[in-house]
Amino acid sequence: MRIEKAKLVLLAETFAAILLWEILLRAFTLGFAEDGYLFHEILIILMISIFTSVLFVFIKTALPSKAGNIVFSVFITVYAIFFVAQDVYYAIFETFFTFYSMANGAQVIEFQDVIWAAIGREIIPFIMFLAIAALLIYLAVFNNKEKGQNQVEKSRKYRYSFLSVLLIGAVAFGGGFAAASIKSDDPLSPYQHLYGVSDIKGTVKSFGLISAMNMDAARLVFGFEPKIEEANTEIIEANEVDYNVIDGLDFEKLIESETDDTIKTMHRCFAAMEPTNKNDKTGIFKGKNLIFITAESFTDFAVDPVYTPTLYKLQSEGYTFSNFYTPIWGVSTLDGEYSNLQGLIPKPGVWSMKESKDNYLPFTLGNQFSKIGYQTKAYHNHNVEFYGRTLSHPNLGYDFKGQGKGYSFEKTWPESDIEMIDETTSDFLTPDENGDIQPFHVYYLTVSGHMNYNFSNNDMAAKNQNMVQDLQMSEPCRAYMACNIEFDKSMELLLERLGEAGQLDNTVIAIAGDHYPYGLKEDAISEFKGHRVDRTYEIYENTFILWTPGMKPEKVDKVACNMDILPTLLNMFGFDYDSRLLMGSDIFCDKEGLVVFQDKNWITDRGSRNSIRDNDDKYALEIDKKVAMMVNYSALILDKDYYRHLRIG
């Protein structure tokens, strides 16, 4: 069995091109920092690159010369464009897109200014990826030593080399799979990315782009359930502690009657979880109105006594959460909303909020408040169809309106938060025929803080440019503050309208970001911080504003994140909910604080994963397992419509 020299040369050229693509993408995006798995990652990417090049060469040589050349050229061109697109996408969102996002992402054209700006920044990798493709096509097609062979001679040689090529590919694929299958509880390991729920960024890191996209496509088409393990299946019995649990939720009975093995495992897991305790904050807001705002790219350095005095007032007079984090997820704003509103970790690779549109969601604020007779309304000043919100947000319990549905705001980019507040407050603050204003819970999704942060193509930044002309910072930082001045003024107007309606003293304001302002580059964020920002943890530091008039200001040092907002508000408004069934926890309970990041890194009250694992390996392993469980079970809650299986009202 032998393989002719020309085919070996072609195989080597194709392998070199694919490997170079993977190396360049890694260099321009994730980098090569050592995390304990760099050797495994390189080995896996090498093996998969060999396997992919074998497939390409096999297809080319198996077909007649002309057809083989055309198909090979198309494949190489498409893959090159794919690498370019992923590099540009990463430059904007700091993650990679998935096939699900591609299929649902036609509306991305609305952000073409952002896209063209990113292409301009990534022009060097743009050229390099395409140049490698052009060179390979030239060597494989136009400078092909086999092109003078007749088909009979080619077929004879093909028979001799067929098994050789397949054997190389099989060995390479098997080697990569074996390297990835080394069992590990470490959430950053290739094993966890292969067998657990994994974000596309982590999968690309472990397996390279080509293999990661193949895995993504397979999971999208055929479905995927992570390997879930039961660390403890003993059902916790109630004791003298008053827990936030639902009376009558009988997991033993549910387990006995369930036929789906995965659902049974989930029942056993949640039954064994320690619920959170009720505390001195339980029910303190009961009977009040709630306005909850997910603010675009909001972060703590948007709060300033001079430039954003209303936000500063709300934070300084309310609860100050000094260790609050807002992780970024794969679908930026939508996943930030999902974590804020559902208290779960978004499932990687899909639009979790849109996928929950038909699920039973008993714990969302909209559904909880509507059950007790409140008005439950939601507003967004950008296109309400974006990300399928007209499907998902009514299922959250809201009468959802905004740009294109109920309202027609001025078509600036981004749109004005002031205009949204101005146009919508009468919708819930108008007295009825008896002169009464019905209790309300209102949800706002703002957009004025959106990138790009400059004064040339951001209308909100340009509108407020004169307000920041004395701010001694770079243009991106000044533009970011100018955008948030618009948001601050909208909050000033909101308080004014609440006061005029006599509802201010009976209303709670909650404000959280959807993600950190990734439209600001590291230098700009460091400028705000006053030092070089740490990209692993510090870049996600944020604040959560929670305020009601007349309250005593309180500082909260506990580690927390935005998936803790829902259980915290449910507890403070005195709702009955089961704390075992959410991934976030009431910030004021006595449970240890935990922040989970997209790559399954974490922070607890004891410190960050990186600072702990070398000193307390047992504790780090315990949290690693917990984080992997949280990520897997969050995905299963979504995929299995799990809450519907609980038979709770």
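In this text the structure is predicted, and so the values were computed from the model without any measurement. For this chain, numbers begin at 1 and follow the sequence in order.
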### Query
Within 45 degrees of the axis of the six-membered ring of Phe588 and under 6.0 Å from its centre: does Lys281 put its NZ or CZ there?
yes

### Query
How are the rings of Phe270 and Tyr642 set relative to one another: parallel (under 30°), tilted (30 to 60°) or perpendicular (over 60°)?
tilted

### Task
Please work out whether the ring planes of Tyr518 and Tyr516 are parallel, tilted or perpendicular, with thresholds of 30° and 60°.
perpendicular

### Query
Does a side-chain N-to-carboxylate-O contact under 4.0 Å join Glu258 and Lys253?
no

### Asp260 (side chain) donor-acceptor with Ile263 (main chain) under 3.5 angstrom
yes

#### Entry: Check: Ala628 main-chain N/O paired with Asn632 side-chain donor or acceptor under 3.5 Å
yes

### Query
Is a salt bridge present between Asp261 and Lys264, judged by a nitrogen-to-oxygen distance below 4.0 Å?
no

### Query
Asn289: what forms a side-chain contact (heavy atoms from CB on, under 4.5 Å) with it, not counting sequence neighbours?
Tyr374, Pro439, Phe440, Gln503, Asn506, Thr507

### Query
Do the side-chain N and O atoms of Thr98 and Asp216 include a donor-acceptor pair separated by under 3.5 angstrom?
no

### Query
Has the side chain of Thr308 got a donor or acceptor atom that lies under 3.5 Å from a matching backbone atom of Asp488?
no

### Message
Atom CG of residue position Asp576 - does it have more than 12 heavy atoms of other residues, nucleotides or ligands inside 6.0 Å?
### Response
no

### Query
Would you find a donor on one side and an acceptor on the other, under 3.5 Å apart, between the side chain of Glu541 and the backbone of Tyr325?
no

## Note on the structure
In Trp329, Trp602, Tyr540, the residue satisfying ring-ring contact (aromatic ring centres under 6.0 Å, His included) with Phe597 is Tyr540

### Task
Classify the ring geometry between Phe369 and Phe575 as parallel (under 30°), tilted (30 to 60°) or perpendicular (over 60°).
perpendicular

### Donor + acceptor pair across side chains of Asp300, Thr543 (<3.5 Å)
no

### Task
Would you please say whether a donor-acceptor pair under 3.5 Å links the side chains of Asn279 and Asp586?
yes

### Task
Give a yes or no on whether a salt bridge exists between Arg580 and Glu274, defined as a side-chain N under 4.0 angstrom from a carboxylate O.
no

### Quiz item: cation-pi between Arg268 and Phe251, 6.0 Å / 45°
no

### Message
Please check: side-chain N/O of Asn615 versus main-chain N/O of Ser611, any donor-acceptor pairing under 3.5 Å?
### Response
yes

### Task
Have a look at Glu337 and tell me which of His393, His515, Gln342 forms a side-chain hydrogen bond (donor to acceptor under 3.5 Å, both in side chains) with it.
His393

